[in-house]
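In what follows, chains are A, B, ... by sequence order, proteins preceding strands, each numbered from 1. No experiment lies behind these values; they were computed from the predicted model shown.
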Amino acid sequence: MIPRLKAEYPDAKTELDWTNPLELLVATILSAQTTDVRVNGVTKTLFQRYRTAHDYAEADPGELEEEIRPTGFYRNKARSLRGMARALVEEHGGEVPSTMQELVALPGVGRKTANVVLGNAFGVDEGVVVDTHVRRVSNRLGLTAEQDPEKIEQDLMNVVPREDWTVFSHLLILHGRRICKARKPDCPNCPLNDICPSARYYKAPR
DNA sequence: CTCCCGATAT
DNA sequence: ATATCAGGAG
């Protein structure tokens, strides 16, 4: 399954725009329940104005809310960004920590966001990113029957080799966006059509 | 469990 | 009109 996905999506990586761990952390917090296209549209100018954790910590709450408004949940996200940045300044010397324990202790940072930062910014396969796409595709493929993200992550970590955890996350997310879509899955064009228990509409003759 | 939130696809 | 989008906190 993994080799076939790698062949289908050879350049699978995050589609969020970022150039350092702080930018990726901010972009990932903003990405909750929002497309990465919309996040990138906001961060394009946001990252020019806010370059350090100190910049976010000292940001005017109202201004920050307006700047991230298109990403939705803007009041909660602005509060998370400011709280997260204050924690970075006060407890981590203004730098983004590189351990799961320290990351999930930050306001607005859950295990999913922490896995994104660890896997992409620090190159550590600490876990599998379980977002809405990974959950849906994993359920459809029969990789797990769980609905709780942490239980899904455990099931996936037992099936996927550790060195593939981060790549696997990207593959499933990309596959979920391109083919295994929530509303109208494109099963006829799915490379996993023949081994998917949920394949509808069409079974490829292999 | 609910709430937060706007834009797009269907 | 409604479901969905790189979720997390209370």
Side-chain angles (χ1 to χ4, degrees), chain A residues 5 9 11-18 21-44 46-47 56 61-62 64-88 96 100-122 124-140 146-153 156 160 165-187 200-201:
Chain A
L5 286 171
Y9 310 107
D11 55 349
K13 58 176 174 50
T14 176
E15 295 192 7
L16 295 171
D17 293 333
W18 58 281
L22 178 63
E23 288 188 355
L24 180 61
L25 178 54
V26 170
T28 307
I29 288 174
L30 293 179
S31 73
Q33 292 293 298
T34 312
T35 61
D36 17 352
V37 173
R38 191 175 318 287
V39 174
N40 291 337
V42 164
T43 56
K44 184 176 182 181
L46 190 72
F47 290 164
Y56 291 99
L64 188 56
E65 286 179 4
E66 289 309 310
E67 287 163 328
I68 67 174
R69 177 186 275 270
T71 65
F73 300 159
Y74 59 92
R75 280 190 281 264
N76 283 345
K77 288 176 181 177
R79 195 179 309 124
S80 292
L81 289 181
R82 279 172 25 92
M84 175 275 290
R86 277 199 301 273
L88 291 187
V96 177
M100 174 63 72
Q101 186 179 6
E102 293 171 306
L103 283 168
V104 296
L106 299 171
V109 179
R111 193 175 170 86
K112 177 257 165 184
T113 298
N115 271 331
V116 170
V117 172
L118 289 170
N120 296 280
F122 295 117
V124 179
D125 287 299
E126 180 72 24
V128 176
V129 174
V130 179
D131 68 346
T132 180
H133 295 298
V134 173
R135 180 173 72 179
R136 180 181 67 253
V137 177
S138 297
N139 286 148
R140 285 178 176 169
E146 299 289 350
Q147 295 301 316
D148 176 62
E150 290 202 21
K151 292 180 180 176
I152 293 174
E153 185 179 358
L156 295 179
V160 179
W165 284 354
T166 298
V167 185
F168 182 74
S169 303
H170 291 143
L171 291 170
L172 254 57
I173 290 165
L174 209 53
H175 185 59
R177 286 191 48 181
R178 304 267 178 85
I179 302 287
C180 198
K181 296 174 287 186
R183 294 207 185 181
K184 190 181 169 189
D186 192 8
C187 298
R200 289 176 264 178
Y201 312 135

S.K.: Respond yes when some side-chain nitrogen or oxygen of A/R75 is under 4.0 Å from OP1 or OP2 of B/dC5, and no when none is.
M.R.: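 For A/R75, the contact criterion (side-chain N or O under 4.0 Å from OP1 or OP2 of B/dC5) is met.
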
S.K.: In B/S/- notation, 5' to 3', how is nucleotides 5-10 of chain C contacted by protein heavy atoms closer than 4.0 Å?
M.R.: BBBSS-

S.K.: For atom P, what is the distance between B/dC3 and C/dA6, given to the nearest Å?
M.R.: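 Looking at atom P only, B/dC3 and C/dA6 are 24 Å apart.
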
S.K.: Quick check on side chain to side chain contact (heavy atoms under 4.5 Å, CB included): which of A/L5, A/V129, A/D11, A/N120 does A/H170 satisfy it with?
M.R.: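 In the set A/L5, A/V129, A/D11, A/N120, the residue that makes a side chain to side chain contact (heavy atoms under 4.5 Å, CB included) with A/H170 is A/N120.
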
S.K.: Using distance only, find each side-chain donor-acceptor pair of residues 22-31 of chain A under 3.5 Å and give its atom names and separation, not counting sequence neighbours.
M.R.:
from, atom 1, to, atom 2, distance (Å)
A/E23, OE1, A/T19, N, 2.8
A/E23, OE1, A/T19, OG1, 2.8
A/E23, OE2, A/T19, OG1, 3.4
A/T28, OG1, A/L24, O, 2.6
A/S31, OG, A/T28, O, 2.7

S.K.: Between B/dG6 atom C1' and A/E67 atom CD, what is the distance in whole Å?
M.R.: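 From A/E67 CD to B/dG6 C1': 17 Å.
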
S.K.: Is A/E150 salt-bridged to A/R111, going by a charged N under 4.0 Å from an acidic O?
M.R.: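 Here A/E150 does not pair with A/R111 in a salt bridge, since their nearest N and O are not under 4.0 Å apart.
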
S.K.: Distance check, rounded to the nearest 0.5 Å: A/Y74 atom OH versus A/E65 atom CD?
M.R.: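 CD of A/E65 is found 6.5 Å from OH of A/Y74.
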
S.K.: What is the distance, to the nearest angstrom, from the CD atom on A/E65 to the P atom on B/dG6?
M.R.: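 It is 11 Å, rounded to the nearest whole Å.
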
S.K.: Examine distances only and state if a side-chain atom of A/D125 and a backbone atom of A/T166 form a donor-acceptor pair shorter than 3.5 Å.
M.R.: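 Checked: pair present.
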
S.K.: Without decimals, in angstroms, what is the distance between A/R38 CZ and B/dG6 C1'?
M.R.: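 Taking atom C1' of B/dG6 as the reference, CZ of A/R38 is at 7 Å.
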
S.K.: B/dC3 C1' sits how many Å from A/K77 NZ, rounded?
M.R.: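 Result: 14 Å.
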
S.K.: Distance check, P atoms only: B/dC5 and C/dG10, in whole angstrom units.
M.R.: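 Per the computed distance, 14 Å lies between those P atoms.
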
S.K.: According to salt bridge (charged side-chain N to carboxylate O under 4.0 Å, His left out), does anything in residues 131-140 of chain A pair up with another residue at least two apart or in another chain? List the pairs.
M.R.: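 Residue pairs passing salt bridge (charged side-chain N to carboxylate O under 4.0 Å, His left out), neighbours aside: none found.
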
